[in-house]
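Report on the structure given below.
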Amino acid sequence: MNISEQEQDIVIVGGGISGLATALALRRKGIKSMVLERSETLRAAGVGIIMQPNGWRALDQLGVAAKLRQTCTEIPSGVFISVAEGKCRESELPLGKGELRCLKRMELMKALAEELPVESVYLGCRAVSILLDPLTSNPLLQLHDGTLIKAKIVIGCDGVNSIISKFVGVNSPKLFSRCATRGFTYYEGGHSFGDKFRFYSSNDVTLGQLPVTDKLVYWFLTRVLTSQDLSDAKKDPAYITKASLEAIKGFPEEIVELVKNTEPNTLYLTELRYRAPWDLVRTKFRKGTVVVAGDAMHAMCPFISQGGGASLGDAVVLARCLSEKLKQAAEGGGKRLVEEALDEYVRERRMRVFWLSLQTYFIGLVQDNTSKVKKALGIAGLILVFGDQTSHTDYDCGHL
């Protein structure tokens, strides 16, 4: 930005899925906003994103679902494959009821961004600090270039390491004992995997494989985190490929070839961080007219593939709550009504994201082979609390 000071009504910090979806949801309700994204381009880290029925309901409300359905195939069924001593045993993988597809993350980002005015998304703008104006109690955002933005509402969609979540009092995310690798493999003549979601499990390693189209396959792998995974090596495609191939020794040859032939520029290795379920119950998530959404609110490990869907649900609910109160605020009592709207949004989302995070946490305990006690606790939690482990896909965030 080339001016030293700006005044804005609503500023969204972070232009990932959560930020763009929130901006679009607000736009659908006739509310303008400014999106600040620190990257110079739209971010596509993570490669693919599994979209389950609850996520498609949110995308329908945002008005981009029809366009996105044309980019990917529907996945009607799944197979769980246990791998032991080079032998595979298959069983049904429950997927829940409704629509399941795997999207290219960039397709989702583009679909959201194309519905927004170009001038509303600012790339290369990194927020470095936030405080409340001592006179007006409105939030003040400072950017990396010295720009000061006076806003009436700030929505933090700036991910796991959010400066906005720290400001509103959210505890720092915890590092999990596993890491995740993701990639795309392209088959010029078409792949032979069909339209199934295949999930392989062997000791400390799990690998999921889903078709995006008849020529493109998305895969993800989780394994034990090592010190090298936290170094610069995690950005090296050669290291990622080597570590992945070592992890899947004994897997079927077609899976080994899938990993071996992955396009290097689509390989991503990340450590897994999460916000503890108990933190989601007791944290306020709002300070003044500042609130958080997406990973800034509820970062979770990817074991039930709900990070993206939950962020889309946040966007719909937040825009709905704000639009109802902003209409009243035009007649007076503006700030109080805005705070009421943000509290209403937090109330509606709190238990939804708590249950998602708790289920993910239990699955993480089951996968953590460092402790038999933790594993037993995770298994017991899943059986006692989550009898139907696909019920999280039934959720409907409601109309925009």
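Everything numeric in this text was worked out from a predicted model, so none of it was measured.
If you take CG on Leu356 and CG on Leu280, they are separated by 9.5 Å, rounding to the nearest 0.5 Å.
Looking at Arg286 and Asp343, a side-chain N of the basic residue comes within less than 4.0 Å of a carboxylate O on the acidic one, giving a salt bridge. Between Asp158 and Arg38 there is no salt bridge, since none of the side-chain N atoms of the basic residue sits less than 4.0 Å from a carboxylate O of the acidic one. By the 4.0 Å N-to-carboxylate-O rule, Lys260 lies close enough to Glu257 to be salt-bridged with it. Using a 4.0 Å cut-off between a side-chain N of Lys or Arg and a carboxylate O of Asp or Glu, Glu271 and Lys234 qualify as a salt bridge. Classification of Arg336 and Glu340 as a salt-bridged pair holds, one side-chain N sitting under 4.0 Å from a carboxylate O. One finds a salt bridge joining Lys152 and Asp9 here, because a Lys/Arg side-chain nitrogen approaches an Asp/Glu carboxylate oxygen to under 4.0 Å. Remark: Lys67 does not engage Glu107 in a salt bridge, criterion side-chain N to carboxylate O under 4.0 Å. For Arg198 and Glu90, the salt-bridge test fails: no basic side-chain N is under 4.0 Å from an acidic carboxylate O. Taking a cutoff of 4.0 Å between a charged side-chain nitrogen and a carboxylate oxygen, Glu115 and Arg28 qualify as a salt bridge.
Heavy atoms only, all atoms of each residue included: Leu42 and Met106 are closest at O-CE, 3.5 Å. Of all heavy-atom pairs spanning Ser244 and Val259, the tightest one is CB-CG1, 3.8 Å. Thr22 approaches Cys157 most closely through the heavy-atom pair OG1-SG, 4.0 Å.
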- Query: Hey, mind stepping through Val11 and Leu141 against side chain to side chain contact (heavy atoms under 4.5 Å, CB included) and telling me if it holds?
  - Reply: CA-CA 9 Å; Val11 177; Leu141 272 171; 3.6 Å; yes
- Message: Let's go through Glu339 and Lys325 carefully: what are the C-alpha distance in whole Å and the side-chain angles of both, what is the deciding distance for salt bridge (charged side-chain N to carboxylate O under 4.0 Å, His left out) to 0.1 Å, and is it a yes or a no?
- Response: CA-CA 9 Å; Glu339 291 178 348; Lys325 293 292 184 179; over 6 Å; no
- Could you go step by step and tell me if Thr206 and Thr222 meet the side-chain hydrogen bond (donor to acceptor under 3.5 Å, both in side chains) rule? CA-CA 5 Å; Thr206 62; Thr222 67; 2.5 Å; yes
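Counting heavy atoms from C-beta outward, Gln52 and Ile50 have side chains that approach closer than 4.5 Å. Residues Arg352 and Asn54 meet the side-chain proximity criterion, which asks for heavy atoms closer than 4.5 Å.
Taking the six-membered ring wherever Trp is involved, the centroid distance between the rings of Phe303 and Phe176 falls below 6.0 Å.
Residue Gln209 is tested with Phe220, Tyr200, Phe199 for a side chain to side chain contact (heavy atoms under 4.5 Å, CB included); the sole match is Tyr200.
Every residue was checked against the ring pair (Phe, Tyr, Trp, His ring centres under 6.0 Å) condition with His392, not counting sequence neighbours, and none meets it.
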